[in-house]
Each structure stands twice: as C-alpha cells, then as structure tokens.
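Counting starts at 1 for both ligands and their atoms, following the listed order. Position 1 is the first residue of the sequence; numbering continues from there.
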Amino acid sequence: MHVALVEAGPDRRGVLANCTAAGMVAALVPRKNASNYGFATTAQAGLKQRSDFHPLGRGLGGGGAINSLMYLRGHRSDYDDWAAMGNPGWSYADVLPYFTKAENNQTHHDAFHGDAGPVWWKSCALTTPTTASSNRPAKRRACPSTLDFNGATQEGYNSVQVMMKGGERFHTGKAHINPPSGRAPEPDADDRHALTARSCSRGKRAVGVRCHGGQRQAPSPGGARSL
Ligand SMILES: Cc1cc2nc3c(=O)[nH]c(=O)nc-3n(C[C@H](O)[C@H](O)[C@H](O)COP(=O)(O)OP(=O)(O)OC[C@H]3O[C@@H](n4cnc5c(N)ncnc54)[C@H](O)[C@@H]3O)c2cc1C
C-alpha cells in the first residue's frame, strides 16, 4: 500500500510542538496563526449574538499539536449502539483491537491496552492544588473514582491520561511521520504547505488530489513522489 500525505500547514517542531503547555496557550490566544486556523463561530443566540473563538490545529499533527493532550476513547456503549444500528464491525469488541494496536501506553498493561504501537500516552501523574480541588466535589458526592478511563470501567473521576513521551507533547505527526526513533517516514509522498482543493477520480476510483497551485500528486508504485 502507498500513502500520500498532503498538509496545508507547516511541520511543527520546536517549543510549540514539544512543550505541553505552550501549544495549548498558543491555541487559546484568540487569533489565527500558522498553527491554528483560529475560526470564529457564527453569532450564537445563547451568547447574546456574540461569536466565539474556535481553535483548529493546522500543520503536522493537526489538532493533536495544539490540543490538551487528553487521551480518551468513546464510551463502549457508543460503539455498541453504532453496531446495533446496522453497522457491522463497529461494536466495542470490534474496534478494541485497533485501539490497542495503536497504543504505546506506559501505564496500564491489560487486555484493554497495547504497549507496542506508535501512539504514546500515560496516566497523568501530576497532583496539583487544581487537581485536588477538582477531585474534592466528586469525592463529596461519592462519585466512583477510576484508574483507567479507557479500561473496564470508563465512568468515574481521576487525573486524565495524556499523549506524552518523555515529558513532551506527542501527536500523530510524531507517531507516524517524524517518529523519534528515527524510523523511516511512512508516507511515500509528503507535501506540506499544500492545500487540497479537490480529489480527482477515474471512473469510480480516486486517483489523486489537486492542490492549490495546480500541482497534482499521487502515490507512485516505486514510493517516489510523482506530480
Ligand atoms: C484547543 C484544542 C484542545 C483540544 N483538546 C483535546 C483533548 O485534550 N483531547 C482530545 O481527544 N481532543 C482534543 N481536541 C480535539 C482533537 O485535537 C481533534 O478532535 C483531533 O485533532 C481531530 O483529528 P483529525 O485527524 O480528525 O483532524 P485534525 O487534527 O483537525 O487534522 C486535520 C489536518 O488536515 C489539514 N487540512 C485540512 N484541510 C486541508 C486541505 N484542504 N488541504 C490540506 N490539508 C488540510 C489541517 O491543516 C490539519 O492539520 C482539542 C482541540 C483543540 C483545537
């Protein structure tokens, strides 16, 4: 199989891509920049017709390079509902092997998790006055705590699981395109700063994409880029 990657934004490296806090802070400054489309919503009736800032990641890693790092799957009942609605292959039991295959999880070692995949995450070990005060009301109301939001019991409170490696932000761009291990890049063709305008098809088969600037690019059998 050949894979081509087309990305409108830059390849983010350096402090914004690595520092767990800096990416978040940059995302919440209500302004668009190279790493954030910085959209505004339409006027919202519930906000007295004000529009709100809507950050959206741009560049390698997409939203994962500016988000809050929380690693949280959907609830198992969501997947089971999808399957029950007539979508074979979407039950929790069906999708769980794909979650575990993707994970390189550093905390939990059981049937719900994997530790050999490309996506690194761990339970957040941080205990701060903020986490203590947000846990207090849950304790007072006798809410159950859970050690693993992605495990056997998804409901409960506790510190979140985060996509981090070695104390640094870890996103899909790092997992698949710029792996820290130095593994060869996975896509056969890779174009940053390229905005896809439309896909091109031959009959019913998609054969490429047309990017802004008029470049047509498709994966080639030899793995080299063909334009
Ligand atoms: C501030 C913030 C905090 C968040 N916090 C969390 C969190 O803690 N936990 C969590 O699970 N989720 C969080 N999210 C949401 C999460 O980041 C997104 O749901 C996730 O990144 C979506 O992944 P995606 O691959 O669908 O799309 P994206 O990550 O949005 O990736 C799409 C990519 O495609 C590129 N692209 C789009 N159109 C084109 C085009 N025409 N041509 C070329 N390239 C194009 C974009 O530039 C972008 O890089 C947060 C999001 C934000 C913005």
Side-chain angles (χ1 to χ4, degrees), residues 3-13 16-41 51-76 78-79 95 98-99 102-105 113 117-124 126 130-131 134 148-151 154 157-165 168-178 185-187 189-200 206 208-219 225 227:
V3 178
L5 172 81
V6 180
E7 168 55 55
D11 175 1
R12 271 174 305 218
R13 298 187 190 216
L16 270 189
N18 294 334
C19 174
T20 52
M24 254 312 272
V25 171
L28 295 176
V29 174
R31 203 180 312 138
K32 109 195 227 175
N33 59 45
S35 303
N36 189 342
Y37 288 98
F39 290 123
T41 66
S51 80
D52 200 6
F53 179 58
H54 189 83
L56 192 71
R58 178 176 179 274
L60 218 56
I66 63 167
N67 73 10
S68 318
L69 304 165
M70 284 183 280
Y71 176 77
L72 193 58
R73 301 173 190 158
H75 194 274
R76 61 185 307 147
D78 291 336
Y79 302 104
V95 298
Y98 297 98
F99 281 124
E103 286 183 359
N104 198 318
N105 116 76
H113 297 292
V119 178
W120 281 65
W121 67 262
K122 54 188 264 194
S123 279
C124 187
L126 206 64
T130 320
T131 55
S134 56
D148 183 5
F149 296 105
N150 297 306
Q154 291 180 278
Y157 72 90
N158 218 320
S159 296
V160 288
Q161 295 164 2
V162 285
M163 289 176 63
M164 282 174 64
K165 184 180 182 193
E168 291 187 347
R169 174 180 289 274
F170 196 79
H171 57 67
T172 47
K174 289 185 181 178
H176 299 287
I177 316 298
N178 293 331
E186 289 202 346
D190 178 351
D191 208 349
R192 322 262 162 95
H193 301 283
L195 186 68
T196 313
R198 54 179 289 195
S199 61
C200 313
V209 291
R210 187 176 289 276
C211 299
H212 251 244
Q215 286 180 319
R216 181 179 286 194
Q217 182 173 312
R225 167 186 293 198
L227 295 175

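There is no protein heavy atom less than 4.0 angstrom from atom 15 (C) of ligand 1. The protein reaches atom 9 (N) of ligand 1 closely, with a heavy atom under 4.0 angstrom from it. The presence of a protein heavy atom under 4.0 Å from atom 50 (C) of ligand 1 is confirmed. Distance check on atom 22 (C) of ligand 1: every protein heavy atom falls at or beyond the 4.0 Å cut-off. Within a 4.0 Å radius of atom 18 (C) of ligand 1, the protein contributes no heavy atom.
Taking only nitrogen or oxygen atoms, main chain and side chain alike, Leu56 does not reach within less than 3.5 Å of ligand 1. Between Met70 and ligand 1, at least one N/O pair is under 3.5 Å apart. Checked by distance only, ligand 1 and Arg58 stay at 3.5 Å or farther apart across all their nitrogen or oxygen atoms.
Residue Thr41 comes nearest to His54 through the heavy atom pair CG2-CB, 4.3 Å, listed as atom of the first residue, atom of the second, then distance. Nearest heavy-atom pair across Cys124 and Ser159 is O-CB, 3.5 Å.
When only non-hydrogen protein atoms are considered, atom 45 (C) of ligand 1 lies nearest to Ala8 CB, 3.9 Å. Annotation: atom 34 (O) of ligand 1 to nearest protein heavy atom, Glu7 OE1, 3.8 Å. Distance from atom 28 (P) of ligand 1 to its nearest protein heavy atom, with residue and atom name: Gly63 N, 3.7 Å. Atom 46 (C) of ligand 1 has its closest protein heavy atom at Tyr37 OH, 3.3 Å. Given atom 32 (C) of ligand 1, the protein heavy atom at minimum distance is Gly62 CA, 4.8 Å. In this structure, the protein non-hydrogen atom closest to atom 6 (C) of ligand 1 is Asn67 CB, 3.6 Å. The protein heavy-atom contact nearest to atom 39 (C) of ligand 1 is Leu195 CD1, 4.2 Å. The protein non-hydrogen atom at the shortest distance from atom 42 (N) of ligand 1 is Thr196 N, 2.7 Å.
A donor-acceptor pair under 3.5 Å is formed between the side chain of Asn104 and the backbone N or O of Gly117. At distances below 3.5 Å, not a single donor-acceptor pair connects side-chain atoms of Lys174 with backbone N or O atoms of Trp120. Judged by distance alone, with hydrogens and angles left aside, the side-chain atoms of Glu7 form a donor-acceptor pair with the main-chain N or O of Gly59 at under 3.5 Å. Put simply, the side chain of Asn105 never gets that close to the backbone of Lys122: no donor and acceptor are under 3.5 Å apart. Put simply, the side chain of Asn150 gets close to the backbone of Arg73: a donor and an acceptor are under 3.5 Å apart.
In this structure, CE on Met164 lies 12.0 Å from OG on Ser123, to the nearest 0.5 angstrom.
Near Val6, meaning under 4.0 Å from any of its heavy atoms, are these atoms of ligand 1: 43 (C), 44 (N).
Of the options Tyr71, Phe99, Trp121, a ring pair (Phe, Tyr, Trp, His ring centres under 6.0 Å) to His113 is made by Trp121 and by none of the others.
Looking at residues two or more places apart in sequence or on another chain, you find no salt bridge (Lys or Arg N to Asp or Glu O under 4.0 Å) involving Arg58. With sequence neighbours excluded, the residues forming a ring-ring contact (aromatic ring centres under 6.0 Å, His included) with Phe39 are Tyr37, listed by chain and number.
Of all the listed residues (Ser68, Pro55, Gly64, Gly59), Pro55 holds the heavy atom that lies closest to atom 53 (C) of ligand 1.
A 4.5 Å side-chain heavy-atom check between Gln161 and Asp148 finds at least one atom pair inside the cut-off.
Counting heavy atoms closer than 4.0 Å to ligand 1, residue Leu69 contributes backbone atoms (N, CA, C, O) but none from C-beta onward.
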